[in-house]
Novice: 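Would you mind keeping the following structure in view while I ask a few things?
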Amino acid sequence: MNISIQDLSHTYDALPAPIEALSSVSLQIPSGQFAALIGPSGCGKSTVLRLLAGLLKPNCGMIYLDDFPPPRAIAQKRVAWMAQSPALLPWKTARDNIELAQRVNPQPRRNSLSSDELLNLVDLADFADVYPFSLSGGMQQRVALARSLALNASVWLMDEPFASLDELTRESLAFEVIRLWHIFRVTVLWVTHNIYESVRLADRIMVMSPRPGHIHADIEVPLSRPRDETSTEFLAIVKQIRAALKAE
Ligand SMILES: Nc1ncnc2c1ncn2[C@@H]1O[C@H](COP(=O)(O)OP(=O)(O)OP(=O)(O)O)[C@@H](O)[C@H]1O
Ligand SMILES: [Mg+2]
């Protein structure tokens, strides 16, 4: 699914004065691309994702997911949104959390995977009957990932899903996400604060600047996967992003 944003601006009604969160953001993400959005706190990353997920209505500008405005794409369950907190239902087991997502999906595809197959994909086959409080933070995020996969969506909007996890867990989940992205061939927009994570994951990294938020740089990552984080090429892109963040 292609993502297309044209001239998007958004101002929040706030006291004592409105807050201009985004100004004239335009971007195109072709179907199947893994794109990252990086920028300092408060620059408007989550606002872009909330607008794409149809949770907010833009003041100005156009958003299309293929030929659909967000509410239509969401209604067809073609968009999965994942936030920093896994937000699992604590009274349901890992399997039941996933099956709930499957039940609310009004258009299950013919080749939909079962909850056990999804748990297997995120390496939690042995934890199907376990409740969230008995799972580690990384395991809970993997259940949330499986729950997003249960929607069979064509777009994944990921708002710093690993921000609360330690570096080692983030790295291993990044491999997991890339593996799943290869299997499902979805379009991903991944929000992060973490420069290394963005280069580890994405085909392309958009750098946002604040007050009001706009895309300041758009950097290609022409590296094959898996990526060697100590290679000169990897570190050169890290440097390029750091420079773009400083030059805002
Ligand atoms: N519900 C809201 N009401 C009013 N202002 C808001 C609201 N949500 C966000 N803002 C403002 O919009 C701007 C962008 O916020 P947003 O949450 O999109 O930033 P962000 O880049 O995701 O930050 P972070 O990295 O800290 O998550 C900020 O100035 C914030 O104060
Ligand atoms: Mg945010």
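Position 1 is the first residue of the sequence; numbering continues from there. Counting starts at 1 for both ligands and their atoms, following the listed order. Hydrogens, waters and symmetry mates are skipped; everything else that's a heavy atom, side chains included, is used.
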Novice: State yes or no: do Ile183 and Val186 share one hydrophobic cluster built from I, L, V, M, F, W and Y residues joined by side-chain heavy-atom distances below 4.5 Å, directly or via other members?
Specialist: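 Hydrophobic grouping puts Ile183 with Val186.
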Novice: Does Asp159 pair with Lys45 as a salt bridge, N-O distance under 4.0 Å?
Specialist: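 The answer is no: the pair does not qualify as a salt bridge.
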Novice: Is it the case that one hydrophobic cluster holds both Leu55 and Phe68, taking links as side-chain heavy atoms less than 4.5 Å apart, direct or via other members?
Specialist: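 Yes, Leu55 and Phe68 fall within the same hydrophobic cluster.
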Novice: Do any protein N, O or S atoms sit under 2.8 Å from the Mg ion (ligand 2), and which ones are they?
Specialist: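 As for protein N, O or S atoms lying under 2.8 Å from the Mg ion (ligand 2), they are Ser46 OG.
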Novice: If the threshold is 4.0 Å, N to carboxylate O, is there a salt bridge linking Arg200 and Glu167?
Specialist: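 So Arg200 pairs with Glu167 through a salt bridge.
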Novice: Do any N or O atoms from the side chain of Asp66 and from the backbone of Asn2 form a donor-acceptor pair under 3.5 angstrom?
Specialist: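 Checking the backbone N and O of Asn2 against the side chain of Asp66, a donor-acceptor pair under 3.5 Å is found.
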Novice: Got the residues with a heavy atom under 4.0 Å of ligand 1, by chain and number?
Specialist: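 Residues Tyr12, Ile19, Ala21, Pro40, Ser41, Gly42, Cys43, Gly44, Lys45, Ser46, Thr47, Arg50, Glu160, His193 each place a heavy atom under 4.0 Å from ligand 1, listed by chain and number.
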Novice: Could you check whether Asp96 pairs with Arg103 (Lys NZ or Arg NE/NH1/NH2 to Asp/Glu carboxylate O, under 4.0 Å)?
Specialist: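 Looking at Asp96 and Arg103, the cut-off is not met.
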Novice: Does the separation of the ring centres of Phe34 and Trp156 fall below 6.0 angstrom?
Specialist: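 So the answer is no for these two rings.
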Novice: Is there a donor-acceptor pair closer than 3.5 Å between any side-chain N or O of Ser231 and the backbone N or O of Arg227?
Specialist: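 No.
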Novice: If we ignore hydrogens and angles and just use 3.5 Å, is the side chain of Arg179 paired with the main-chain N or O of Leu121 as donor and acceptor?
Specialist: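 Side chain of Arg179 to backbone of Leu121: a pair is present.
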